[in-house]
Amino acid sequence: MENKKVRVRFAPSPTGGLHLGGVRTVLFNYLFAKQNNGSFIVRIEDTDQTRFVAGAEQYIFDCLQWCGLIPDESPVNGGPFAPYRQSERKPIYKSYALELIEKGYAYYAFDTPEQLEEKRKTIPNFQYNHQTRKQCINSLSLSPEEVLEKLAANVPYVIRIKMPEHETVTCNDMIRGTVTFDTGLTDDKVLLKADGMPTYHLAVVVDDYLMQISHAFRGEEWLPSAPIHILLWKYLFGLDKMPQWAHLPLILKPDGNGKLSKRDGERLGFPVFAMDWTDPSTGNTTTGFKERGFLPEAFVNMLAMLGWNNGSEQEIFSLTELIENFSIERIHKGGARFDYEKAKWFNHSWLQQLPVQHYADKVKPYFEKAGIHINNDNYLHQVMDLVKERCQLLPDFVTQSSFFFQHPEQIDTAAINGKWNAAKQQFFVELIRNLELATSWDAENLEKDFKEMAAAHQLKPGELMLPFRIMLVGGKFGPHVFDIAAAIGQAATIHRIKHTLQLLS
RNA sequence: GGAGCGUUGGUCAAGGGGUUAAGACGCAUCCCUUUCACGGAUGAAUCACGGGUUCGAUUCCCGUACGCUCUACCA
């Protein structure tokens, strides 16, 4: 075990959008693999045909791509243990299920779903377990002849694990330490379904073995079924080959109780999925962090800090730094509530520390959507540098800087009107004249001249700055006025002053 | 109902037998800035509760409460 190559896997079901918690599971898998020169595998767990959703698999890979968490082996880029889709591995599982029956650790069960439904209805807290299996229709209650007969007649059956009546199973979890279970308390889970597909329980064990997985990370919701998996490992491959388990804490909703769901995002107005997900059956789109204007660096960083930290005060980590710093021992045991405000703060921080060139192409589409065409990248970069500190999300660049590219649509004249007078009017009329004569055009000289003029008119510069700002940007926001004037240029500056003067008269 | 897991400010959290119980987000007030933002400052926790062990417990042990997860031919 000690010298075994590190191989980890993320095993999603392609049934819909990729949830925050899912991405975090990917991230922890990825960090651990990269830190140990191991491999990160993505295996698609599509054993439930009834839940198959077209496009969901491709969508998952798109999300991983966006996050920069690229698998070493997967259905799309292949690998030595292909196929990586469980539906394509269907024949493999049955032999293991039969092996379990042979060894006496599993049995055929012929109860129909309706019969089980009936039992659950009539018997309170019905469990298919060591106490009740004799009253059910299976190879334990039937005679060997009857079983053979049914099998020969192609009566549908499932294969169930025969949980020991009373045995203690311990799970050595890397996060939680030793967790013990009494096998008698778990029911005889179905291992192989009537359609010949394995359930998660069988598939995960078989594939983790076949794919030589060394460490298995998964959500805490799987902890209660760990004894089934451990027993299966013991029966089939030996405990010494079993991967080390790590059950990750859950991500909880910001308010109320329970784990974070897609619904919470819709209710509270924030994304829960990594990227936009459109349900093919309804056509409804659920927004993702990407489309909402998050940088992948920030998204990944934020996720890492939900349930883990390295003990220092550092909160901003690049993926490379995360790989260096990550440690399973420092993963929390308790669930963490998701805080969208903090998520935005991470994005803001990344917007500041990354050069704008790095993400300028990502903000362009938002400008396009607003009808603003960017034809000068240098100018865009210059503007972005001016406004980035007041942006949290990518679309904020549009609201914060549209006036750099076009004349403001609305001028908040009400903000000027109250204190407007003839003297100020006079000042701006003369300002226009001066600006028209200006030979140089930079923020510093603009400001100097403006203040000198104000002094000559016996006006305080402060009283004039706000009107000037309103003229140029349309409202009370934005960077320093003279930086704006310098950036938009002589003609636009003069035009905007004139325009507002007209509105005021 | 049962089993498992968890519980440090509103949130993320550091810490760990003796401390003024870090820091971040958010919030409030103030400073800077005659815009917005950034930046800076200040403020807010009887460490879920009750018993032990101990000279001393938020830290160790046991209970209780509360919360979460699971309890499908779903993963």
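Below, chain A is the first sequence line, B the second, and so on; all start at residue 1.
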A.B. asks: Contact class for A/Gly219 (heavy atom, under 4.0 Å): base, sugar-phosphate, or nothing?
C.D. replies: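 Since no nucleic acid heavy atom lies under 4.0 Å of A/Gly219, the category is nothing.
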A.B. asks: Under a 4.0 Å threshold between the charged nitrogen and the carboxylate oxygen, would A/Glu220 count as salt-bridged to A/Lys333?
C.D. replies: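 Salt bridge absent between A/Lys333 and A/Glu220.
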A.B. asks: Across the strands shown, which category fits A/Thr399 at heavy-atom distances under 4.0 angstrom: base, sugar-phosphate, nothing?
C.D. replies: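 Nothing, no heavy atom under 4.0 Å.
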A.B. asks: Categorize A/Lys344 for me: base, sugar-phosphate, or nothing, with a 4.0 angstrom heavy-atom threshold over every strand shown.
C.D. replies: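 No contact at all - A/Lys344 keeps every heavy atom at 4.0 Å or more from the nucleic acid.
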A.B. asks: Among B/C38, B/C73, B/C70, which nucleotide sits nearest the side chain of A/Glu389?
C.D. replies: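 Minimum distance to the A/Glu389 side chain belongs to B/C38.
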A.B. asks: Just checking A/Ser13: base, sugar-phosphate only, or nothing, at a heavy-atom cut-off of under 4.0 Å?
C.D. replies: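 Contact class for A/Ser13: sugar-phosphate only.
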A.B. asks: I want to check something: taking the side chain as every heavy atom from C-beta on, are A/Gln127 and A/Asp188 in contact at a cut-off of under 4.5 Å?
C.D. replies: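 No, too far: nothing below the 4.5 Å cut-off.
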A.B. asks: Between A/Glu117 and A/Lys119, is there a side-chain N and carboxylate O pair less than 4.0 Å apart?
C.D. replies: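 Looking at A/Lys119 together with A/Glu117, the answer is no, because their closest N to O distance does not fall below 4.0 Å.
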A.B. asks: B/U54 and B/A14: how far apart are their C1' atoms, nearest whole angstrom?
C.D. replies: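 One C1' to the other, the span is 26 Å.
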A.B. asks: Under a 3.5 Å limit for both distances, which nucleotide forms a Watson-Crick or G-U wobble pair with B/U33, could you say?
C.D. replies: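 Partner of B/U33: none.
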A.B. asks: To the side chain of A/Glu221, which of B/C74, B/G15, B/U69 is closest?
C.D. replies: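 Shortest atom-to-atom distance from the side chain points to B/U69.
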A.B. asks: In whole Å, measure the gap between the P atoms of B/G51 and B/A57 for me.
C.D. replies: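 Going atom to atom, P in each nucleotide, I get 12 Å.
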A.B. asks: Hey, is the side chain of A/Lys333 poking within less than 4.0 Å of OP1 or OP2 on B/G4, counting only N and O atoms?
C.D. replies: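 It does not, given that no N or O in the side chain of A/Lys333 lies less than 4.0 Å from OP1 or OP2 of B/G4.
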A.B. asks: Identify whether any heavy atom of A/Asp111 sits under 4.0 Å from a base atom; if not, whether one sits that close to sugar-phosphate; answer base, sugar-phosphate or nothing.
C.D. replies: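 Base contact.
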A.B. asks: Just checking A/Glu444: does its CD atom have more than 12 heavy atoms from other residues, nucleotides or ligands closer to it than 6.0 angstrom?
C.D. replies: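 Not buried by this count: 12 neighbours or fewer within 6.0 Å.
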A.B. asks: Would you indicate, yes or no, if B/G67 has its OP1 or OP2 atom less than 4.0 angstrom from a side-chain nitrogen or oxygen of A/Lys259?
C.D. replies: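 Answer no for this pair, as no side-chain N or O of A/Lys259 is under 4.0 Å from OP1 or OP2.
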A.B. asks: Distances under 3.5 Å between protein N/O atoms and the N/O atoms of nucleotides 20-23 of chain B, please, pair by pair.
C.D. replies:
none

A.B. asks: Verify whether the ring centers belonging to A/Phe299 and A/Phe289 lie closer than 6.0 Å.
C.D. replies: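 Yes, they do, as the ring centres are separated by less than 6.0 Å.
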A.B. asks: Scan A/Pro479 against the nucleic acid and name what it touches under 4.0 Å (heavy atoms): base, sugar-phosphate only, or nothing.
C.D. replies: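 Answer is base: heavy atoms of A/Pro479 come under 4.0 Å of a base.
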A.B. asks: With the side chain of A/Asp48 defined as its heavy atoms from C-beta on, choose the nearest nucleotide among B/G1, B/U69, B/A75.
C.D. replies: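 The closest nucleotide is B/A75.
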A.B. asks: Salt bridge or not between A/Lys94 and A/Glu99? Use side-chain N to carboxylate O under 4.0 Å.
C.D. replies: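 No, this pair does not count.
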A.B. asks: Choose from B/A13, B/U11, B/G4 the nucleotide whose nearest atom is closest to any side-chain atom of A/Leu223.
C.D. replies: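 Of the options given, the side chain of A/Leu223 lies nearest B/G4.
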A.B. asks: Distance to the ring centre below 6.0 angstrom and angle to the axis at most 45 degrees; does that hold for A/Lys162 and A/Tyr105?
C.D. replies: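 Checked: cation-pi criterion not met.
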A.B. asks: For a quick check of understanding: with a heavy-atom distance under 4.0 Å over all strands, which category does A/Gly307 fall into, base, sugar-phosphate or nothing?
C.D. replies: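 Since only primed, P, OP1 and OP2 atoms lie under 4.0 Å of A/Gly307, the category is sugar-phosphate.
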A.B. asks: Of the options B/A37, B/C74, B/U11, whose atoms approach the side-chain atoms of A/Arg337 most closely?
C.D. replies: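 It is B/U11.
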A.B. asks: Less than 4.0 Å between a side-chain N and a carboxylate O, is that true for A/Arg267 and A/Asp255?
C.D. replies: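 Salt bridge: yes.
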A.B. asks: Counting any heavy atom closer than 4.0 Å, what does A/Val179 reach on the DNA or RNA strands: base, sugar-phosphate only, or nothing?
C.D. replies: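 Answer is sugar-phosphate: A/Val179 comes under 4.0 Å of backbone atoms only.
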A.B. asks: Would you say B/A75 has OP1 or OP2 under 4.0 Å from some side-chain N or O of A/Arg43?
C.D. replies: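 Checking A/Arg43 against B/A75: no side-chain N or O falls below 4.0 Å of OP1 or OP2.
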A.B. asks: Under 4.0 Å between any heavy atoms, over every strand shown, what does A/His332 touch: base, sugar-phosphate, or nothing? Just pick one.
C.D. replies: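 A/His332: backbone/sugar contact only, no base atoms under 4.0 Å.
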A.B. asks: B/C5 pairs with which nucleotide, Watson-Crick or G-U wobble, both distances below 3.5 Å?
C.D. replies: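 Answer to the pairing question: B/G67, which forms a Watson-Crick or G-U pair with B/C5.
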A.B. asks: So what does A/Arg469 touch, heavy atoms closer than 4.0 Å: a base, only the sugar-phosphate, or nothing?
C.D. replies: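 Counting heavy atoms under 4.0 Å across all strands, the contact made by A/Arg469 includes a base.
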A.B. asks: Assign A/Gln127 to base, sugar-phosphate, or nothing according to its heavy-atom contacts below 4.0 angstrom with the strands shown.
C.D. replies: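 A/Gln127: backbone/sugar contact only, no base atoms under 4.0 Å.
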A.B. asks: Over all strands shown, is A/Arg51 touching base, sugar-phosphate only, or nothing at heavy-atom distances under 4.0 angstrom?
C.D. replies: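 Base: the residue A/Arg51, judged by heavy atoms under 4.0 Å, touches a nucleobase.
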A.B. asks: Which part of the nucleic acid does A/Ala336 contact within heavy-atom distance under 4.0 Å: base, sugar-phosphate only, or nothing?
C.D. replies: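 A/Ala336: backbone/sugar contact only, no base atoms under 4.0 Å.
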A.B. asks: Strictly below 4.0 Å, N to O, side chains only: are A/Asp208 and A/Arg9 in salt-bridge contact?
C.D. replies: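 Counted as a salt bridge, because a side-chain N and a carboxylate O are separated by less than 4.0 Å.
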A.B. asks: At under 4.0 Å between heavy atoms, what does A/Thr50 touch on the DNA or RNA strands: base, sugar-phosphate, or nothing?
C.D. replies: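 Here A/Thr50 touches no strand at all.
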A.B. asks: Between B/U11, B/C73, B/C5, spot the one nearest the side chain of A/Asp339, thanks.
C.D. replies: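 Comparing B/U11, B/C73, B/C5 against the side chain of A/Asp339, the answer is B/U11.
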